[in-house]
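Working notes for the structure below.
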Amino acid sequence: MSVAASLVQGVYILERDRQEKREGPNVLAPPWWTFFNFQLLRPLIDDVDSSIFGAIYEFKPPPSQNNDTLDRSPRYVIAFRGTLTKSDSVSRDIALDIHLIRQGLHQTSRSDIAIRAVRNMVATVGDSNVWLAGHSLGSAMAMLTGKTLAKSGNFIESFLFNPPFVSAPIERIKDEKVKHGIRFAGSVITAGLTIAMHAKQPKDLSVDPFAALAVWVPCLFVNPCDHICSEYIGYFEHRRKMDEIGAGVIERLATQNSLGGLLMSAFGKESEPLHLIPSAYLTVNIGPTHDFKDAHGIHQWWKPHLHLEHKLYKYK
């Protein structure tokens with residue numbers, strides 16, 4: 001977790017080095033990867049504003065490193081930063097944030113560059129030798145890339161920090177009964193719309209693409225005080241509760257569709273709701289948080305003495 005978060009931070013500092021024209025001995029980014037025996041293979045450059053939005057790192061362990069450590073380490077890590085509020089990149093990043101909210105990140109040129117880079121690396125060294133990592137918008141980029149490759153049978157270990165969940169902030173409601181009631185109503189409506197919209201479409205009952213994706217289990221790192229990602233907590237817990245009350249069939253339909261995506265489909269528009277995933281290893285930071293910047297920041301994931309809760313959710 002800490003290593004992956006540090007490599008993502010390395011991408012943020014790479015772009016800041018570029019924007020502030022730091023060169024040679026004045027650059028600040030390299031310690032974020034060299035400390036962990038990684039080398040920068042190459043940055044990933046956005047084709048619109050020429051900003052650095054990602055990086056491909058190669059693991060170069062010292063000869064003395066034991067085999068057990070090497071067996072659990074990737075050969076390459078591809079990391080993506082989130083939104084930067086600096087003038088050189090903010091307009092492009094905000095435009096991509098809007099694409100994400102509209103469930104259209106998959107239609108952007110930055111996502112094409114990211115997916116192509118990961119595909120080429122996987123084709124060269126195999127999916128077991130590659131890790132993905134990202135934070136915020138970069139986490140969405142890593143999610144999109146991971147899902148895309150998983151659909152073709154390549155399951156990449158992924159570390160997604162504060163991944164955006166495009167939804168109303170239901171998780172912030174304190175009353176558990178009200179919260180469950182809203183989620184239950186939402187599931188019934190979403191499932192009903194799904195059945196209505198697909199009633200006249202030909203079905204291949206032998207193929208469930210959402211279930212096929214369940215083999216991929218990304219690691220999600222969320223903070224309950226971060227409204228951008230906290231809905232993942234309720235998303236997975238609600239699925240479990242629906243199973244417990246015998247409404248699992250409804251939730252299995254609802255969990256793989258979003259109201260926004262269904263409405264866009266009704267108007268003939270393509271959408272890719274990234275936040276809908278079948279399986280995940282969810283890590284929640286339940287420690288004290290001072291403000292939103294603390295709750296959403298990448299820095300929280302390398303702090304010592306974190307109070308974390310972990311839970312594995314597998315789609316059945």
Side-chain angles (χ1 to χ4, degrees), residues 1 4 7-8 41-42 44 54-59 70-80 100 103-134 138-161 163-165 194 198 201-221 232 235-236 239 251-253 255-258 261 265 270-283 311-316:
M1 177 184 72
L7 295 177
V8 173
L41 199 62
R42 69 179 178 94
L44 298 176
I56 303 177
Y57 300 104
E58 184 178 7
F59 186 46
L70 294 177
D71 288 343
R72 292 182 289 110
S73 302
R75 285 180 59 191
Y76 299 92
V77 175
I78 303 176
F80 305 99
L100 172 63
Q103 301 181 7
L105 189 64
H106 64 295
Q107 297 171 325
T108 64
S109 58
R110 184 180 289 188
S111 71
D112 289 341
I113 295 167
I115 292 169
R116 187 163 58 247
V118 177
R119 269 209 179 110
N120 290 343
M121 187 59 69
V122 167
T124 304
V125 301
D127 55 13
S128 62
N129 291 307
V130 179
W131 284 5
L132 292 176
S139 186
M141 194 67 68
M143 177 81 81
L144 172 60
T145 305
K147 283 181 75 172
T148 301
L149 270 77
K151 289 172 184 176
S152 59
N154 298 118
F155 305 107
I156 306 174
E157 190 154 353
S158 302
F159 298 82
L160 311 179
F161 301 98
F165 193 105
T194 301
H198 295 289
Q201 295 180 4
K203 299 184 181 93
D204 184 354
L205 298 177
S206 66
V207 179
D208 181 352
F210 198 71
L213 194 62
V215 180
W216 182 53
V217 186
C219 300
L220 273 53
F221 301 87
Y232 273 109
Y235 172 72
F236 286 110
R239 191 190 314 178
E251 188 56 23
R252 273 189 285 279
L253 279 173
T255 198
Q256 53 187 297
N257 294 280
S258 71
S265 295
E270 184 189 352
S271 68
E272 174 62 54
L274 295 180
H275 57 285
L276 303 181
I277 53 174
S279 304
Y281 187 72
L282 187 68
T283 296
K311 196 156 190 179
L312 174 65
Y313 295 92
K314 288 282 286 182
Y315 182 78
K316 299 175 182 178

Ala214 and Ser279 have their tightest heavy-atom pair at O-OG, 3.0 Å
To the nearest 0.5 angstrom, please state how far the CE atom of Met143 sits from the CD1 atom of Ile277.
4.0 Å
Please report the shortest heavy-atom distance between Ala117 and Leu44, naming the atom on each side.
CB-CD2, 3.8 Å
Nearest-0.5 Å distance that lies between atom CG in Leu132 and atom SG in Cys219:
11.0 Å
So Tyr313 and Phe236, would you call those rings parallel, tilted or perpendicular, with 30° and 60° as cut-offs?
parallel
Roughly how far, to the nearest 0.5 Å, is the CG atom of Leu144 from the CG atom of Leu105?
5.5 Å
Write down the atom of Val8, the atom of Gly134, and the distance for their closest heavy-atom approach.
CG2-N, 3.7 Å
Checking Trp216 side chain against Ile156 main chain: does a donor-acceptor pair fall under 3.5 Å?
yes
Assess whether side-chain contact (heavy atoms from CB on, under 4.5 Å) is satisfied between Thr148 and Arg119, documenting all intermediate values.
CA-CA 10 Å; Thr148 301; Arg119 269 209 179 110; 3.5 Å; yes
Please lay out, stage by stage, how Tyr315 and Leu213 fare under the test side-chain contact (heavy atoms from CB on, under 4.5 Å).
CA-CA 9 Å; Tyr315 182 78; Leu213 194 62; over 6 Å; no
Would you please name every residue forming a side-chain contact (heavy atoms from CB on, under 4.5 Å) with Leu41, sequence neighbours left out?
Ile56, Glu58, Tyr76, Met121
Would you check if the side chain of Tyr57 reaches a backbone N or O of Ala79 as a donor-acceptor pair within less than 3.5 Å?
no
Any donor-acceptor pair under 3.5 Å linking the side chain of Lys147 with the backbone of Leu276?
yes
Output yes when a side-chain donor or acceptor of Asp127 lies under 3.5 Å from a complementary backbone atom of Phe155, and no otherwise.
yes
To the nearest 0.5 Å, tell me how far Leu7 CG sits from Ile78 CD1.
12.0 Å
CD1 of Ile115 to CG of Leu149: how many Å apart, nearest 0.5 Å?
7.5 Å
Closest heavy-atom pair and its distance - His106, Ser111
O-OG, 3.4 Å
Indicate the atoms forming the closest heavy-atom contact of Pro74 with Val77, along with that distance.
CG-CG2, 3.6 Å
Hey, what do you get for CG (Leu220) to CZ (Phe159), rounding to the nearest 0.5 Å?
11.5 Å
